[in-house]
Amino acid sequence: MQTELKKREGKKRKSFATWFEDTGVTYAMLLPNFIMFLVFTLYPMLWTMRFMFYKYDGILLAKFIGLDNFIRAFQDVYWWNSVLNTLKIAGMKLVIEIPLALILAVILNQKLRGRGLFRGVFFLPTVISMATISLAFSFMFSPYNGIVNNLLKELGIISQNISFLEKPTSAFFTVVIISVWSVFGQNMLLILSGLVNIPEELNESAALDGANKIQIFWHITIPMIMPLFKVILMLAIIGSLGIFDPVYLITNGGPQRATEVMALNIYNYYFSTSGSAGQYGYGAALSFLSSIIICLVTIVYNWIQKKCE
């Protein structure tokens, strides 16, 4: 009897050790990140969401007002202007950023001298802080001895310096350029990681069958990297809709709110710069609406993606 009990205990210990070796280690490695997610992401989100239905300035007691914050949001012209600006900036950014990343990835996947150096150079903006990038671009586009103005004058395109950041249209395009420059290297490397995993035998076989480089690109390269490309595009869409840093650091939403985006609009209600108290309740409602908008755009993207398959 004792022998049987010892055997059962040994099996239990062995089964637990096997489980821990196969699965437990994985959960143990995920646990710190899960705790960080609960403490620094989920809890702040729930804490913020509860104020959607309150009027709260961060000082006085919160006052329950029901759906008034959402009614105000749907009537807020400035909020919907920031939504439109966000969609426009995201759309223009993606139209430039993704093709540029794809073209550079294809070029740097070839056997070129110094391609490692070029990969590092193009990826460099990704690791530089946005504050540094914004400061550099503000000097470049400065109306007084800015590199861009000097170059345009040397080429004879303009005769007088242009205040790029003081005009709505030029400020808008400046934000787009900065946003593209700061992240296209990351997408380039992600696409490049997919290109290097394509077997060279496929390209060689297609070339032997008479396919040219363009045909190989469209019929072999694109289909092979498409699963990865879809994920990259979705992450780029989400990141573009959450744009904040370059707008805040370069234009602060100006001029005339031409570059104000959703994140900046919400930020201004939480951290008022006019000296008045914050509007946490209204800011929480706008945060929820911005999340809904991003989710809807992502759902539409996934629906279009499935339709195109």
Side-chain angles (χ1 to χ4, degrees), residues 33 36-37 40-42 44-45 48 79 81-105 119 121-137 171-195 225-253 258-268 270 283 286-305:
N33 285 335
M36 296 285 284
F37 170 77
F40 295 105
T41 302
L42 185 60
M45 285 174 58
T48 302
W79 162 247
N81 176 68
S82 69
V83 173
L84 181 60
N85 286 338
T86 304
L87 295 175
K88 287 164 59 178
I89 291 174
M92 293 189 62
K93 177 175 176 288
L94 292 172
V95 167
I96 301 172
E97 172 189 330
I98 298 301
L100 178 62
L102 178 60
I103 292 170
L104 289 175
R119 291 176 183 178
V121 169
F122 288 133
F123 183 72
L124 186 61
T126 307
V127 298
I128 300 176
S129 70
M130 184 54 70
T132 304
I133 293 173
S134 301
L135 182 62
F137 271 89
F172 182 87
F173 283 105
T174 302
V175 169
V176 173
I177 292 171
I178 296 171
S179 302
V180 170
W181 190 81
S182 62
V183 296
F184 82 92
Q186 176 181 334
N187 292 324
M188 179 200 71
L189 282 188
L190 291 173
I191 296 172
L192 189 59
S193 67
L195 293 176
I225 67 170
M226 187 54 67
L228 175 63
F229 189 78
K230 291 176 181 177
V231 176
I232 293 172
L233 183 56
M234 184 180 70
L235 293 176
I237 291 172
I238 296 173
S240 299
L241 292 174
I243 185 173
F244 171 77
D245 293 351
V247 177
Y248 176 71
L249 294 169
I250 291 290
T251 64
N252 197 26
T259 60
E260 187 177 54
V261 292
M262 291 190 296
L264 181 60
N265 188 281
I266 295 168
Y267 174 87
N268 288 333
Y270 277 106
L286 295 183
S287 300
F288 180 77
L289 289 177
S290 69
S291 300
I292 295 297
I293 291 170
I294 294 174
C295 287
L296 288 175
V297 172
T298 306
I299 291 170
V300 170
Y301 166 74
N302 289 326
W303 178 79
I304 295 174
Q305 173 187 305

statement: Sorted by chain and number, sequence neighbours left out, side-chain contact (heavy atoms from CB on, under 4.5 Å) with F172 holds for K88, I89, M92, V176, T259
task: Verify, without hydrogens or angle tests, whether S290 (side chain) and S287 (backbone) share a donor-acceptor contact under 3.5 angstrom.
output: yes
- prompt: Of all residues at least two apart in sequence or in a different chain, which pass the ring pair (Phe, Tyr, Trp, His ring centres under 6.0 Å) check with W79?
  reply: none
- line: Nearest heavy-atom contact between I133 and S182 is CD1-CB, 3.9 Å
message: I need the minimum non-hydrogen distance between L94 and S240, along with the two atoms involved.
response: CD2-OG, 3.8 Å
statement: F244 meets the ring pair (Phe, Tyr, Trp, His ring centres under 6.0 Å) criterion, sequence neighbours left out, with Y248, Y267
task: Inspect the surroundings of CE in M226 and state if more than 12 heavy atoms from other residues, nucleotides or ligands are less than 6.0 Å away.
output: yes
query: T132: what forms a side-chain contact (heavy atoms from CB on, under 4.5 Å) with it, not counting sequence neighbours?
result: I128, S129
message: For a quick test of reading the model, state the closest non-hydrogen atom pair linking V175 to V247 and the distance between them.
response: CG1-CG2, 3.7 Å
query: Rounded to the nearest 0.5 Å, how far does CG of L264 lie from CG of L249?
result: 10.0 Å
Min side-chain heavy-atom separation F122-L192 under 4.5 Å: no
message: I'd like to check the side-chain contact (heavy atoms from CB on, under 4.5 Å) partners of M234; sequence neighbours left out, ordered by chain and number.
response: I238, T298, Y301, N302
What donor-acceptor contacts under 3.5 angstrom involve side-chain atoms of residues 95-105, with partners at least two apart or in another chain?
{"residue": "E97", "atom": "OE1", "partner": "K93", "partner atom": "NZ", "Å": "2.6"}
{"residue": "E97", "atom": "OE2", "partner": "N187", "partner atom": "ND2", "Å": "2.3"}

- prompt: M188 and R119: which non-hydrogen atoms are nearest, and at how many Å?
  reply: CE-O, 4.0 Å
